[in-house]
Structures are given as structure tokens and as C-alpha cells.
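For reference, the structure discussed in these notes is given below.
Throughout, a chain's letter reflects where its sequence line sits, starting with A, and its residues are numbered from 1.
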Amino acid sequence: MGKASLKVTFCGIEFENPFCLSSSPVGNHAEMCARAFDAGWGGIVYKTLNVDERFKVIMPSPRLNSYNYNGNKFVGLQNAEQISDRTLAENLKDIAELKKNYSTKVLISSIMGFNDDDWAILARESEKAGADMLELNFSCPQMARKDAGHRIGQNYEAVEHFTKIVKENCNLPIIAKMTPNITDMLPVALAAKRGGADAISAINTIRAITDIDIDSLTPMPMIHGKSGITGFSGPAAKPIGMRFVSELYNDKGLNLPISAIGGIETWRDALHFILLGGMNIQVTTAIMRYGYRIIEDMKEGLLDYMNDRDIETIEQICGKAAEKLVDPSEFDIRYQVVSVIDEEKCIGCGQCYISCQDAANQAIIFDLETRKATVDEKRCVGCTLCKHVCPVWDCITYRTVDTLITPHAGRL
Amino acid sequence: MKKRVDINQIKQFKPMRKAMNFQEAIIESNRCLLCEDAPCSQACPAGTDPGKFIRQIKFQNYKGAARTIRNNNIMGSSCAHICPTEKLCELGCSAKELNHTIDISGLQQFAINYGIENKLEPMIKSKENMGKIAVIGAGPAGLSCASELAKLDYDVTIYEKDSEAGGVLRWNIPNFRLPVEMIENDLKNIRDLGVKIKCNEDINTKEKANKLLKNNDAVFLATGLNKAFLLSELKDFNNSKSYIDFLRSIQESKKEIKAQIENKIVTIVGGGSVALDCAISAKALGAKRVYVISLEHLSELPAVLEEVELGHLMNIIFKPNTRITSVKSIDNNIIAVKGNEIDWKEENNFSPKNAIEIEDTEFTLKTDLVIQAIGTYPIIKEVFSELETFGKGCIVSKNSLTSHKKIFVAGDLVNGGATAVQAVGEGKKAAIAIDSFVKGGK
């Protein structure tokens, strides 16, 4: 056994591991949450509560559509899911029961109000029920009312105001959940900070269209002949999530802990977000596809990674990759590479040749007799397109060269 | 990866593999590496261009894939089922270096079926003004050559001695391997091109042949190999058949042949694909035991590996490295075959003359029926007696030309017996030769 530990302290609360369910159908009621805790998840952001006397949630149907690519289903998932459609009383009872039975686990109550009173009531009631933290849902992209969700999340003043209301009505740590459906997330995160938020979670789902039925000419999911631009998540959303998390982390003015969300399926995905500044990890889409059991591989994989490198705490590595992000204007362009093809590993498909011919600098020579590709180093501009199209993962690499390139003409 | 063969389907003479469905085709085509100068395309004797039609499937241009196959290989529906792909297009597949070969025949079948189900537009009819061509024989070579000529706007008529077009495809390939609908689909495309197919027209006299020569700008001869070799030891017995007769009788009446085969012991002589087809068919018809006697060892059989594996699955008893030396018979009926094991005098020479008997390996196999599949030869020379021949009677030809300037040949009649896809390729080339001959004369 190594010395690594997955324990994290986030907003003063100790998590046995940083892996949480994000607020969604995967944490819909006590029985489900209990099974998630039993499976090993460190915390749960409960499905968003609202004051049901004012707004009765009815779920649209069908409300899911998977984004498929090259025969792979579920590269991403679009949903038109709403916040919890159970009564506030039922949900509060479940939160209380879960806290009673799982005292060492962390339960975060996600809340969404439609006015000051709503936010205040939800904050107070969640605290009373025993929630450890609150997450303010400023970001649901498909609310069935226009004065909520991501529209609030795009309005700095509203975010600051409602955060403040919540802060005044309870003593729990507050996470403000951000929408990515905005050019720059920072002003919103800073507004939440001004309102008293203790942490930021990002990203909620990305507004998107995943497919169109080309017979009925209707986007999917087709809800009685209509559809909508709604939240997109899953592996295809991860690059966008990583961008936002790193921007939050790298902003000196914000300086709040981050709960990272966005297409996380494996320990490696989680590690990527940790390296970009996440101290806490939230997952839904992967659980929707594979179930709670994936936590085992996340924990085991991350622990092995840490032990193999003598890393003892997640804090030690948090943000380490974010620190290496610079503005493209600061790239060191004296550093140049050329591709190197491993002839032994080359299987002779010529994909590198085609791509280099049509999209790079015509620097690959493909011998039709031997069916082997080689690099003309005089022409190679080091874009590495070949490396990325090669179907053999470790066949094409690159090495540094001293010479500079001239545009469109290859190397001097 | 190829789908598993379903033995229950074979027993009903229905397609032995389930057709590749939409989902499977998308996944399989996405495994394709879309090679530069694709080895699969290079390997196809008919120029079907799998590299292109797989790319079209991958990019969801399914009708385009069906069009490519049809335009390049007019027998593409049939070839999709019968090609020995593991020896041709799939042999050099780059994907096998990553995991396994692309199931090219499966994808080809998918594209063909897609075209049929989605009503691919008919091919454009010939304008018929470039000249008149007679084609003798409606097998793969004849049909292919006729179609290419029709595309070049020739008025083409095929003369077929049988009641139906298709040649070996129709009569000598069991339906579990090649469903009749596939031949019909190819024939429909050929007729759409304007090719006229006259069945029951045997060009069996000098007079008929001369008439064709006189009334046409050129004659294309593609009558294939239509006579089976028979071992002298097995000739002229009531219960000894050639594969040609056996397979044809299955196509004509399964009921009748089933009555003759059911619960019987059948001995097949030969080790090629045809021998295996006979063996599998006999088993499918309910034979109690089926032996396959071959000079070659299992690893040396001309049949493709898949057929040998299928033979194992069907509990066929292989007797490799053996030959028949004599029979036991009663009233002109064979009751047992006798043979012994053999060894080769020199390596990699699988001719009967190279076989030597191994002492003390004699065996006797009780048998009710013997089917011989040891090769075929042509019988054409009586009609076109002036044509120069060689070997077993095949016609001497270079670039489809013969010693008669108006007569062109291709397919098995020239190459001595090869695949259907090879005959299609040769038929295409012959059409070009005929076109340049006719144009040269005008």
C-alpha cells in the first residue's frame, strides 16, 4: 500500500474522496443516493430542489438524445431534464435520512429559486434537513420557465443578489454552479464571490442540438413534433469543461476552490480536471451510461497514479497543468519539431500521407511498393497532423529540430 | 470480422450468414483505414474497388456505394456472396495489422441490399448504335463483357444454351452460399443496360456459329468449362456423379435429390471449393456420412480456409493425402471405394503424377454415392473448330484475341478455370478489346 490518499478538504468539509454525483437524475432520491454511497462515491449533489408550491415541474418526454460518432454511441448526451419533480418535503425527508445513515459522506443540496423568498426558504430548509453544503443552480439550460437557470447564470447582478440572499439565510458553505453558455465565465464567478460564494462548480451542460430526424425534419429529441436547444454533456463536452475550469483556476482575483464537471468517465479524466484546478469532481453522464460502479476504477486508478509518482495528496497536484497555460502570443516559436515514423510499427495504410497531402505541407513520402511512409524532413512543418491521424497510436512521434520554418515552404 | 455461419440456414439452403445490418455496416466501415492506394481495391480482379465503396458506406453515402459496385462489377451482387475474399480483397487489408480484416464481402452485401431496398435507379440503357455483338454463354464472363459493351452503346445479344442465365453461378453454387435473388439482381441490371439474353439458344452447330459471325461485328465466346473430369476408376457407375450433375440436381429439385441422399454415405472426390460445396450440400440434404477424399493435405487444399472450417462444423470427414485406387461394386453400383494414403515426391506440386503411395495405408470406405469434383474442361472446339486450343481444350488467347479475328474469348474457357470475379474482370477487358477492334474496322 502506498501513501497516497484521496481525501480532500473542500470549503472546510472533508471528503473521503473527491468524486461526487452531480445534481441530476443519478441523485434523484434517497434509495439511489444510498446505493451511490455504498458503491464508494465521496459525495452527492442532490437533484435540484425548488419551492414546489410555486412551480410544479413536469418532465418532457422523450428528453434524451445521444450524440453518436463513427458508430460509437453516447459520445455525448443531450437532455431536456428539469430540476426535481418530487415535492420539496419528500426531498428534504430523503436528505435527512441520507445524512442520518451516511454521516461520513458529504451531501450537497442543489437549490433553485425564482425569487428571494424561494432561495431563502430552500437554503434554510436544506440546512435544517442536514445538508453539508449548498450548490446554487444558476445554470440549468432548459428550464421550463424563462426567469431561471442559465438565464440567471448569465446575469451577474442576479447571481450576486441571490447568492447573497442564500448566504444571509444559512451558515453552510455555498457553491455557485456556472453555465458554460457564456463567452466569459469569470465575471459571473466573481459576482457569485461578491455575493458570498465559497466555491464555484463548472461546467453545467452546454446548450446544443445533437441530431435532426431527416424524415420529419425535426431536431432530436423529438417532443411531440418539436425540440429545443438543451444541455449537452458527456465525453464530447470535456474539452470545453477543461477550458472553463482552467480559466477559473488561473484567475488570481477569483481564488475560490473549484468543483470540476464535464464529461468525466475515468480517473484520467478526473485527473485532468484536478490538474487544471479542480479540488472536487462531479459526474453524471458517465453514471447514466455505466452506473455507480465506475467509482471503483476512478478511485483505484487515481490512487495508483499517485502512488506510482509518490504523490500523497490531491492538493499537491491540483492546478499543476493549468499553470502551464499561456496566451498563444507567448508560445516559444523557436521550438520546432518534425515527425518521426516508426517503420516497424507502420501498417502501410497511408492515412498520414493523405492528410499531409491535403491538409499540411506534403511532407510525407508513401512508397506504393513497400507501403511504408517516411517523412521528408525538409518539408515537414511539425504540425503533427500525421501523428494524430495514424491509426497506430505509437507509430508516429516527433523530435525537435534547430531549423526555423518559413511559411508555406517548409523548413529552410 | 465475418459473421458466424448458421448451419441451420445451410440445411435449408438459405443464406448461411445473416446479412450485415445498418448498425453493423456503420461500425465495420468505421474500422476501415481508408488506405491510400487501397490494397483491397488493387486485389480485385474485376476492379470492384472496395476501397471506394467502403469509404462511401463510412461517409453514409450508401446508394453511392451500391452504384460503385454495380458500375465496376456488374456481377457485384453475386460476387459479394461467392468471392474468396480472404484470398483477394481481404488478403492485404491493413486493418488486420491493427486487429482484424474488414469484412469486405459483408459490406458489399450490405451496399447491394441497400440499393435494392432503396430503389437504386436503373442503369442507363444502351443507345445501340456502335455495332452489333453476339455473346455466347451467359456466365460471369459473358454477362460482364456484354454489359461493358452495352455501356459503350453496342447492341448486344447473349445466347445461352440453358433455360436461365447465370452459368456456373446459377447451377453450380448452392443457394446457402449464393441466393438466387442476387443473380437475379445482377441480371436485372444487365437487362436494364439493354443487353438481350436469349436462353435455350445453343450455338451447337457450325451453321449457327457462322450465322452469328456473319450477322455481328464480333462474337464473344464465354462458354466456360462445361464438362467434368471423371476418374477412370469411378466412371460409368449408376451411383457415381460429377459435381456438375450433383449441384445442378440440387438447384432443380431439392426434394428429388434429398430422397437419394438422406441417410446415405456420400464420398466426395476433390479438395477445391466445389468439392466442399458438394460435401456441405450432401450433409445439408441429410447424408449420414460425408467423406472428402483429397490428394492435398488440409493446409494445401485449394478450397478457402473458411470452407474447410465449415466442413468441420458440418462433421464432414476429411481424408486428406489420400487417393482412390479402386471400387467394390454390385450391379454397376459402387458399394465401397478403396484407396490409400499418398505422399508428394516433390514439394508444392499437387499434381496426381507427383503423388506416391504410402505402403500399408490401404482403406475401404463403404459408400452409397460418389461425387467427383476434380476439375472441368471445355467442349467448344467442335463448333469453333478453327480456334487454336491448348491443354485440356482451352482456347489460346492473348488480350481476349483468338486466331479468328472476329472471335474474342475470356473467362474459364481461356484461364482454365478460376473465380467468377476473375471472369468478370476478363469480360470487362474483352469488351475493351472488342470495342477497339470494331472501331478499328470502321
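The CG atom of A/Asn72 sits 7.5 Å away from the CG atom of B/Asn30 when rounded to the nearest 0.5 Å. In this structure, CG in A/Asp367 is found 11.0 Å from CG in B/Asp37, a value given to the nearest 0.5 Å. Between the SG atom of B/Cys35 and the OH atom of A/Tyr353 there is a distance of 14.0 Å, given to the nearest 0.5 Å. The distance from atom NZ of A/Lys73 to atom CD1 of B/Ile27, rounded to the nearest 0.5 Å, is 10.0 Å. Note that CG of A/Asn70 and CZ of B/Arg31 are 13.0 Å apart. Values are rounded to the nearest 0.5 Å. Atom OG of residue A/Ser355 and atom CD of residue B/Glu36 lie 10.5 Å apart, to the nearest 0.5 angstrom.
Heavy-atom contacts from other residues, nucleotides or ligands closer than 6.0 Å to OH of A/Tyr398 number 12 or fewer. Under a cut-off of 6.0 angstrom, the local environment of NZ in B/Lys188 is crowded, with over 12 non-hydrogen atoms contributed by other residues, nucleotides or ligands. Dense packing is recorded around CG of B/Leu305, with more than 12 heavy atoms of other residues, nucleotides or ligands lying under 6.0 Å away. For A/Gln362, the CD atom sits in a packed shell: over 12 heavy atoms of surrounding residues, nucleotides or ligands are nearer than 6.0 Å. The neighbour count for B/Glu121 CD, taken as heavy atoms of other residues, nucleotides or ligands under 6.0 Å away, is above 12. Residue-environment remark: CD (B/Gln12) exceeds the threshold of 12 foreign heavy atoms within 6.0 Å. Summarising the local packing, NZ of B/Lys3 is surrounded by more than 12 heavy atoms from other residues, nucleotides or ligands at distances under 6.0 Å. Counted within 6.0 Å of CD on A/Glu343, heavy atoms from surrounding residues, nucleotides or ligands total 12 or fewer; the atom is thus considered open.
Looking at B/Lys58, the atoms closer than 4.5 Å to chain A (heavy atoms on both sides) all sit in the side chain, from C-beta outward. For B/Gln60, no part lies under 4.5 angstrom from a heavy atom of chain A.
Applying the ring pair (Phe, Tyr, Trp, His ring centres under 6.0 Å) test to every pair with at least one member in residues 15-39 of chain B, sequence neighbours left out, gives these pairs: B/Phe22-B/Tyr62, B/Phe22-B/Phe110.
Here A/Ser339 pairs with nothing under the side-chain hydrogen bond (donor to acceptor under 3.5 Å, both in side chains) rule; sequence neighbours left out. Qualifying side chain to side chain contact (heavy atoms under 4.5 Å, CB included) partners for B/Asp186, counting only residues two or more places apart in sequence or in other chains: B/Met75, B/Ser77, B/Ser78.
The nearest pair of heavy atoms linking A/Ile354 to B/Leu34 is CD1-O, 3.8 Å. B/Leu98 and A/Val392 get closest at one heavy-atom pair: CD2-CG2, 3.8 Å.
Here the side chain of A/Gln351 pairs a donor or acceptor atom with the backbone of B/Leu33 at under 3.5 angstrom. Of the possible polar contacts, none joining the A/Arg371 side chain to the B/Ser94 backbone as a donor-acceptor pair under 3.5 Å is found.
Taking non-hydrogen atoms and a 4.5 Å limit, the residue list of residues 422-434 of chain B in contact with chain A is empty.
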